[in-house]
Peer 1: 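Sharing a structure below in structure tokens format, with a few things to ask.
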Amino acid sequence: MAAVAERWFGDIEKALAVIAEGSDPPGEKLRRFALSQLRMKRDRFDEDPDLFRAYLKLGEENMDVVLRHVERISALLQKIIVAWLADEKLDPGAADEARILYETATVQFRDPNLIARHRATSDDAHADAVIATLMAGLRVRYAGQHALD
């Protein structure tokens, strides 16, 4: 069962690695990172809600697999955040905090339980609005505290 869960997460991780390693500007990578997770998970839910819920149950029963997946996703996101902070001329020392804030702000668009639960607002428009607001807030937060010359 753990292997089935790993395979389900593997597709997501491969797609996100392509984004993290791609040539898009870091800001676009941040946007695509959450949107890609949302789209993949939302599409799986829409295609077969019962199968989706079965995968959620499988994840609950194999939490070690879920935690490893989350760690790998966070590592990919960290690379994007570091690049984005550099691109924005903000202190790369803020990367850990910025990653945590990103993960907190975008959780509804990445967590499969929340996507299923809040399906009506788990869409691209809401995700784009949250990501744009988050990025603007991070610019303000770090420009006043950590801006590089």
Peer 1: Going from CZ on R42 to CZ on R119, what distance comes out if it is rounded to the nearest 0.5 angstrom?
Peer 2: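 Here the rounded value is 5.5 Å.
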Peer 1: Can K41 and D111 be said to form a side chain to side chain contact (heavy atoms under 4.5 Å, CB included), step by step?
Peer 2: CA-CA 8 Å; K41 294 171 186 176; D111 182 300; over 6 Å; no
Peer 1: Answer yes or no: are there more than 12 heavy-atom neighbours, outside R117 itself, under 6.0 Å from its atom CZ?
Peer 2: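 12 or below, so no.
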Peer 1: Testing the 3.5 Å rule here: is there a donor-acceptor pair between the side chains of E88 and Y142?
Peer 2: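 Absent: no donor and acceptor within the cut-off.
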Peer 1: Compute whether any side-chain donor of one residue and acceptor of the other, for R110 and T106, lie under 3.5 angstrom apart.
Peer 2: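 The answer is yes; a qualifying pair exists.
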Peer 1: Parallel, tilted or perpendicular: which fits the ring planes of H69 and F9, with parallel below 30° and perpendicular above 60°?
Peer 2: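 Parallel.
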Peer 1: What's the shortest heavy-atom distance between L30 and W84, and which atoms?
Peer 2: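 The pair with the smallest heavy-atom distance is CD1-CG, 3.5 Å.
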Peer 1: Treating K29 as the side-chain partner and G22 as the backbone partner, does any N or O pair qualify as donor plus acceptor under 3.5 Å?
Peer 2: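 A pair under 3.5 Å: yes.
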Peer 1: Say you draw a straight line from CZ of R39 to CD1 of I12; how long is it, rounded to the nearest 0.5 Å?
Peer 2: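 With rounding to 0.5 Å, CZ (R39) is 14.5 Å from CD1 (I12).
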Peer 1: Is the shortest distance from a Lys or Arg side-chain nitrogen in D11 or R44 to a carboxylate oxygen in the other one below 4.0 Å?
Peer 2: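 Salt bridge flag = yes for R44 with D11.
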Peer 1: Less than 3.5 Å apart, which donor and acceptor atoms pair up between the side chains of residues 53-68 and the rest of the protein, not counting sequence neighbours?
Peer 2:
{"residue": "N62", "atom": "ND2", "partner": "L58", "partner atom": "O", "Å": "2.9"}
{"residue": "R68", "atom": "NH2", "partner": "E6", "partner atom": "OE2", "Å": "3.0"}

Peer 1: For residues L38 and L77: do they belong to one hydrophobic cluster (side chain heavy atoms under 4.5 Å, members Ile, Leu, Val, Met, Phe, Trp, Tyr)?
Peer 2: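 Shared cluster, no.
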Peer 1: State the CZ-CG distance between F45 and L51, to the nearest 0.5 angstrom.
Peer 2: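 So the gap between those two atoms works out to 11.5 Å.
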Peer 1: If you round to the nearest 0.5 Å, how far is CD1 of I19 from NZ of K79?
Peer 2: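 Reported value, rounded in 0.5 Å steps: 13.0 Å.
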